[in-house]
Amino acid sequence: MHTLEESGMNKLYREMELPLTEVLFDMQKTGFKLDLKLLEELKRKYTALADESTERIYELAGRRFNINSPKQLGIVLFDELKLPYPKKRSERSTSAEILGAIKDAHPVVEEVLRYRFVSKIKSTYLEGLSKVAGTDGVVHTEFNQMQTSTGRLSSSEPNLQNIPVREEDGKALRALFIARDGNVLVNADYSQIELRVMAHLSGDENLIAAYMHGADIHTAVARELFGTSEPTAKQRRVAKTVNFGIIYGMSAYGLGDRLGIPTSEAKSYIDKYFSRFPRVHEYLEEVVKSAREKGYAESLFGRRRVISELNSRDYRTRGFGERAAMNMPLQSTAADIIKIAMLKVYGALKGMRSKLILQVHDELIIDAPADEADAAAELLKREMESAVTLKVPLVASVNTGKSWLDCK
DNA sequence: ATCATCACG
DNA sequence: ACGTACGTGATGATA
């Protein structure tokens with residue numbers, strides 16, 4: 001490598017990152033509108049829920065203390081109430097994972113978990129959004145273009161890329177995010193973009209075939225892992241976890257821990273996966289080898305991340321470098337693809353009143369006047385799916401609604 | 001300033 | 001025997 005041009009970075013900058021600054025600036029300036037009336041109502045509701053939960057915890061613990069202090073909470077649970085610590089040889093923690101394992105030991109544990117959930121919603125989301133919303137109810141996030149090691153964007157003040165969705169009660173907050181008067185939200189997200197990138201980069205015939213058949217990928221992988229044409233729901237869940245694990249370079253121990261099964265059984269799933277998708281195995285080994293030799297990993301479009309941990313004498317540091325090297329091309333190529341899609345969508349929206357307002361890594365949201373909604377939905381799906389041509393199709397599912405919650 | 005925790009893809 | 005899934009940002013406690 002002698003010049004930026006030879007490295008490909010200049011092209012990436014000139015054709016993607018520089019033009020994207022205008023798109024991001026426009027998105028920030030437009031902003032996302034909030035339902036301020038609902039925001040006030042939810043703040044009252046969650047303040048009451050947090051207060052009630054606090055009183056119940058004091059009652060069950062037998063005294064008042066700062067529930068927000070992990071140190072004080074640990075003393076109450078493990079020293080005073082003498083609850084069993086569920087893990088061997090690890091620092092004492094009060095994380096949801098630990099509390100979940102001992103929630104049958106004492107009723108206060110479940111109440112603490114509920115308090116944590118309720119106060120997260122209250123402080124981070126309800127009060128947090130209130131602080132940054134304008135009098136018109138619009139929040140203007142900042143999209144950070146120079147923040148991540150993989151080429152993803154990040155979002156701050158407020159972070160609109162981590163609004164709750166996994167828990168039903170948390171997901172209800174998405175009703176706060178609404179289209180402007182007379183408008184609707186048009187939202188589309190990529191289906192398993194990182195696994196599709198894996199199929200492309202590895203060239204694995206079996207994985208490519210699964211996507212070409214348009215089948216549900218987790219079910220398809222479950223068929224391969226378990227040798228059955230009709231996998232059970234449990235087998236599909238295992239396959240789904242394996243699919244995610246592959247993207248993160250996880251170990252047999254990590255998979256076993258997630259699935260609650262012995263490391264040996266987890267190892268047999270991983271071995272089976274690699275025997276059925278051999279090019280995936282070869283690809284991941286090659287990525288690590290190449291990163292060790294060159295000092296960096298790179299995306300399909302030449303974005304690079306220096307990974308200096310690969311030659312560390314400390315095996316933990318080295319292990320981290322290896323997992324980062326396996327993940328980087330997948331996460332990074334996916335980030336490149338949605339950036340290309342954003343540029344295309346932004347271009348296609350010229351002359352319309354519809355506005356791109358949010359990106360959440362594999363999802364884009366447009367605020368569209370009702371009369372433009374169908375056109376916006378059509379072009380959003382089209383430009384996302386045709387952003388680049390891979391060895392497998394890119395699939396984006398599109399939805400519309402008055403609020404983000406309604407986009408389903 | 002750093003840690004622990006927890007929200008997202 | 002070791003420690004164990006990648007990438008982020010916000011909050012409250014503590015030093």
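Just so you know, these numbers use all the heavy atoms, side chains as well, and skip hydrogens, waters and symmetry mates. Convention: sequence-line order gives letters A, B, ...; per-chain numbering from 1.
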Quick one: [X] [atom1] to [N] [atom2], roughly how many Å, whole number?
| X | N | atom1 | atom2 | value |
| --- | --- | --- | --- | --- |
| Phe117(A) | dG12(C) | CZ | C1' | 19 Å |
| Lys120(A) | dA7(B) | NZ | C1' | 5 Å |
| Ile121(A) | dG12(C) | CD1 | P | 14 Å |
| Arg316(A) | dA5(C) | CZ | P | 13 Å |
| Tyr115(A) | dC6(B) | OH | C1' | 14 Å |
| Arg258(A) | dG3(C) | CZ | P | 19 Å |
| His361(A) | dG9(B) | NE2 | P | 8 Å |
| Met326(A) | dT4(C) | CE | C1' | 12 Å |

Which is true for [X] with a 4.0 Å heavy-atom rule: it touches a base, it touches only sugar-phosphate, or it touches nothing?
| X | value |
| --- | --- |
| Glu194(A) | nothing |
| Ser251(A) | base |
| Ala334(A) | nothing |
| Asp189(A) | nothing |
| Asn159(A) | sugar-phosphate |
| Ile163(A) | sugar-phosphate |
| Phe244(A) | base |
| Arg152(A) | base |
| Gly245(A) | base |

In the structure I gave you, are the side-chain heavy atoms of [X] and [Y] within less than 4.5 Å of one another anywhere?
| X | Y | answer |
| --- | --- | --- |
| Arg116(A) | Thr94(A) | yes |
| Pro393(A) | Met212(A) | yes |
| Ile357(A) | Met27(A) | no |
| Ile338(A) | Gln359(A) | yes |

Below the 4.0 Å mark, does [N] have OP1 or OP2 next to a side-chain nitrogen or oxygen of [X]?
| X | N | answer |
| --- | --- | --- |
| Arg116(A) | dC6(B) | yes |
| Thr241(A) | dA5(C) | no |
| Ser119(A) | dG12(C) | no |
| Arg323(A) | dC6(C) | yes |
| Ser93(A) | dA4(B) | no |
| Gln72(A) | dT14(C) | yes |

base_contact_polar ([N] base, [X] side chain, donor-acceptor, <3.5 Å):
| X | N | result |
| --- | --- | --- |
| Ser154(A) | dT8(C) | no |
| Gln331(A) | dC6(C) | yes |
| Arg305(A) | dG7(C) | no |
| Arg166(A) | dA7(B) | no |

Measure from the side chain of [X], starting at C-beta and using heavy atoms only, and say which of [options] lies closest.
| X | options | answer |
| --- | --- | --- |
| Tyr315(A) | dC2(C), dG7(C), dC6(B) | dC2(C) |
| Gln147(A) | dG9(C), dC6(C), dG7(C) | dG9(C) |
| Pro164(A) | dC6(B), dA5(C), dA7(B) | dA7(B) |
| Lys71(A) | dC8(B), dC6(C), dT14(C) | dT14(C) |
| Ser69(A) | dT14(C), dG9(C), dC2(C) | dT14(C) |
| Val165(A) | dG9(C), dT8(C), dC8(B) | dC8(B) |
| Thr148(A) | dT4(C), dG7(C), dC6(C) | dG7(C) |
| Ser123(A) | dC6(C), dG9(C), dT11(C) | dT11(C) |
| Ala324(A) | dA13(C), dT4(C), dG7(C) | dG7(C) |

Taking the six-membered ring for Trp, are Tyr269(A) and Phe226(A) closer than 6.0 Å centroid to centroid?
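That pair passes the under 6.0 Å test.
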Any strand, both distances under 3.5 Å, Watson-Crick or G-U wobble: dC3(B) pairs with dG12(C)
* **For dG9(B), the Watson-Crick or wobble counterpart (both distances under 3.5 Å)** =>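 By the stated definition (distances under 3.5 Å), dC6(C) pairs with dG9(B).
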| message | Is it true that Asn159(A) and Tyr125(A) share a donor-acceptor pair across their side chains at a distance under 3.5 Å? | response |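 No pair is found: no donor N or O on one side chain lies under 3.5 Å from an acceptor on the other.
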TODO: Classify the ring geometry between Phe274(A) and His281(A) as parallel (under 30°), tilted (30 to 60°) or perpendicular (over 60°).
DONE: parallel
* To do: May I ask you to say whether Lys381(A) pairs ionically with Glu385(A), meaning some side-chain N is under 4.0 Å from a carboxylate O?
  => yes
Gap in Å between the two P atoms, one belonging to dT4(C) and one to dC3(B), rounded:
16 Å
